[in-house]
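Every heavy atom of this structure was used, including side-chain atoms; hydrogens, water molecules and symmetry mates were not. Throughout, residue positions are numbered sequentially from 1 according to the sequence presented.
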Amino acid sequence: MKRTLAFLMAILLLAAALPGVAEEWEDACSPTLEDQLVEMSAWIQEAIKARNEEDYAREAFLLQRITGYSTELFPDEVAWAWAELGDLYLEGLYQIEDEENVNFGKTAEELAAVCYEQARKVYDENPEIGRRDDERHMILQTKLALKLGKLYASPESGLMDYEKAVSQLDFAARLSWTEEESAEAHYWLGLIYLDADSGRMDEREARNELYQAAHAGHEAAFQKLKELIGDDAWEWAQYYLWDNDFDAAVQVLLPAAEQGNVECMKRLASLYYSGLVGNPAALYDDAVREKNRNRELACYWFEKAADAGDEEALEWLEEIGTEGKNE
């Protein structure tokens, strides 16, 4: 309570510097100091949320003043103010016009990145924030990381820095509280791993990232996968297996196996032998899975692969045959 009152007192003092604001609130607020502080805080929150076109300069001024507070005393508020200020810049709602300002002339993306980095810095310097039982701090951090990662990964931003991008996006992908934000981070990581200029090109890793994004409903990631995979039945099988959709994997493997693709024959055979095809309950119940094994179809496709000269398929046939004798 003391900390809250201290912050609200600072807000009240800040408001006094704005023309007319203190006088307006002196008349409107109740006589008690606490009521004045609470109402003033509510006014500032609403002003920032409203994004009223006529108030952008005032909102930016308020936020800039809050960022000047002690990060030791008010780390939550300072980090929040930096993040809000960054959004104002990134959305093109406010631009620095003071030529004496060290940030004068920077693009909206550059100004936003400066603010987001400052917000992340507050969290880095105040690790106790992250130890609190309050999810809003992690939510803000992951949102900041996602925004920074996209800025550093986007050619249009003029801030290309793949090392920073991967660091921020990886943080967001692993720790985001919403599936949508996590998917967006995985998508951008996938694009980086596909970019030869990033120094991290790894198509397999890129597909893994895109798989995660696509399975979370990210349409752009799915379209990118379609470009990469094309008609490759093996890769589409991996896509469906990632989501434990064994029946869909069989459907894409079967035509390729029938056309003589040995790898698809073996994967098809192993799926039938696993007992996971045709009964969703098999994934969670060993007894159901054992009963659901289709040894006949497994042996058929392993034999087709063995006839094509595949030694691994022969080993599988021997193992299945030995197992059958022991039953």
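No donor-acceptor pair under 3.5 Å is formed between the side chain of Asp243 and the backbone N or O of Asp245. Side chain of Gln259 to backbone of Leu254: no donor-acceptor contact under 3.5 angstrom is found. A donor-acceptor pair under 3.5 Å is formed between the side chain of Ser182 and the backbone N or O of Ala173.
Contact record, Lys266 with Ala305: CG-CB, 3.8 Å, taken as the closest heavy-atom pair. In terms of heavy-atom proximity, Gly278 sits nearest to Asp247 at N-OD1, 2.8 Å. Listed here is the closest heavy atom pair of Gly275 and Asn292: O-ND2, 2.8 Å. Considering all non-hydrogen atoms of both residues, Trp177 and Thr142 come closest at N-OG1, 4.5 Å. Between Ala79 and Ala119, the shortest heavy-atom distance links the atoms O-CB, 3.6 Å. Between Ala112 and Leu151, the shortest heavy-atom distance links the atoms CB-CD1, 4.4 Å.
Counting only residues at least two apart or in different chains, salt bridge (Lys or Arg N to Asp or Glu O under 4.0 Å) contacts with residues 109-120 are absent.
Val262 is not connected to Leu268 by any chain of hydrophobic side-chain contacts under 4.5 Å among Ile, Leu, Val, Met, Phe, Trp and Tyr, and they are in different clusters. Placement of Ile96 and Leu93 within a single hydrophobic cluster is found when ILVMFWY residues are connected by side-chain heavy-atom separations under 4.5 Å, directly or transitively. The cluster map of Ile, Leu, Val, Met, Phe, Trp and Tyr, joined by side-chain heavy atoms under 4.5 Å apart, puts Ile139 and Leu169 in different clusters. Placement of Leu297 and Leu317 in two distinct hydrophobic clusters is found when ILVMFWY residues are connected by side-chain heavy-atom separations under 4.5 Å, directly or transitively.
Taking Phe302 as the reference, Trp316 meet the ring pair (Phe, Tyr, Trp, His ring centres under 6.0 Å) condition, with sequence neighbours excluded. Applying the salt bridge (charged side-chain N to carboxylate O under 4.0 Å, His left out) criterion to Glu97, with sequence neighbours excluded, gives no partner residue. With sequence neighbours excluded, the residues satisfying side chain to side chain contact (heavy atoms under 4.5 Å, CB included) with Val252 are Trp236, Ala237, Tyr240. For Ser154, the side-chain hydrogen bond (donor to acceptor under 3.5 Å, both in side chains) partners are Glu156, not counting sequence neighbours.
Judged by distance alone, the side chains of Gln223 and Glu219 do bring a donor and an acceptor atom under 3.5 Å apart. Remark: the Asn294 side chain and the Tyr300 side chain contain no N/O donor-acceptor pair separated by less than 3.5 Å. Using a 3.5 Å distance cut-off with no hydrogens or angles, the side chains of Glu235 and Tyr211 do pair a donor with an acceptor.
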So Leu271 and Leu241, side-chain contact (heavy atoms from CB on, under 4.5 Å) or not? Walk me through it. CA-CA 10 Å; Leu271 282 173; Leu241 290 174; 3.9 Å; yes

Test Tyr272 against Trp301 for side-chain contact (heavy atoms from CB on, under 4.5 Å), laying out the working first. CA-CA 9 Å; Tyr272 283 127; Trp301 286 109; 4.0 Å; yes

Apply side-chain contact (heavy atoms from CB on, under 4.5 Å) to the pair Leu228 and Arg207, showing each step before the final yes or no. CA-CA 8 Å; Leu228 291 173; Arg207 293 185 186 188; 4.2 Å; yes

Given Lys164 and Leu148, is the side-chain contact (heavy atoms from CB on, under 4.5 Å) satisfied, shown in steps? CA-CA 8 Å; Lys164 288 184 177 180; Leu148 277 170; over 6 Å; no

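Surrounding CD of Glu163 are at most 12 heavy atoms belonging to other residues, nucleotides or ligands under 6.0 Å away. Applying the 6.0 Å contact sphere to CD of Gln64 captures more than 12 heavy atoms from other residues, nucleotides or ligands. Within 6.0 Å of atom NZ in Lys147, more than 12 heavy atoms from other residues, nucleotides or ligands are found, so the atom counts as buried in its surroundings.
How far OH of Tyr239 is from CG of Leu225: 6.5 Å, rounded to the nearest 0.5 Å. Atom CD of Glu315 is separated from atom CD1 of Ile320 by 12.0 Å, given to the nearest 0.5 angstrom. Atom CZ of residue Arg289 and atom CG of residue Leu276 lie 6.0 Å apart, to the nearest 0.5 angstrom. Atoms CG and NZ, on Asp87 and Lys143 in that order, are 9.5 Å from each other to the nearest 0.5 Å. Taking CG of Leu175 as the reference point, atom CD of Gln141 lies at 8.5 Å (rounded to 0.5 Å). Here the straight-line distance linking atom CH2 of Trp80 with atom OG1 of Thr67 works out to 11.0 Å at 0.5 Å rounding.
You'll find the side chain of Arg174 reaches within 4.5 Å of the side chain of Asp170, heavy atoms only. With a 4.5 Å cut-off on side-chain heavy atoms, Leu85 and Leu111 do not count as touching. By the 4.5 Å heavy-atom criterion applied to side chains, Ser176 and Leu146 are not counted as neighbours. When side chains are defined from C-beta on, Thr107 does not count as touching Tyr89, because their heavy atoms never get closer than 4.5 Å. Counting only heavy atoms from C-beta outward, the side chains of Asn261 and Trp234 never approach each other to under 4.5 Å. Within the 4.5 Å cutoff, side-chain heavy atoms of Tyr273 are placed close to those of Arg293.
Ion pairing between a basic and an acidic side chain is recognised when a charged N comes within 4.0 Å of a carboxylate O; Glu263 and Arg267 show no such pairing. A salt bridge links Glu290 with Arg295: the closest approach of a Lys/Arg side-chain nitrogen to an acidic carboxylate oxygen falls below 4.0 angstrom.
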Table please: side-chain donor-acceptor pairs of residues 186-199 below 3.5 Å, with sequence neighbours left out.
unit_1	atom_1	unit_2	atom_2	d
His186	ND1	Glu209	OE1	2.5
His186	NE2	Gln212	OE1	3.3
Trp188	NE1	Glu184	OE2	3.1
Asp195	OD1	Asp197	N	2.9
Asp195	OD2	Tyr162	OH	2.5
Ser198	OG	Ile192	O	2.9
Ser198	OG	Asp195	O	2.7
Ser198	OG	Arg200	N	3.1

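If you look at His215 and Phe222, their ring centroids are not closer than 6.0 Å.
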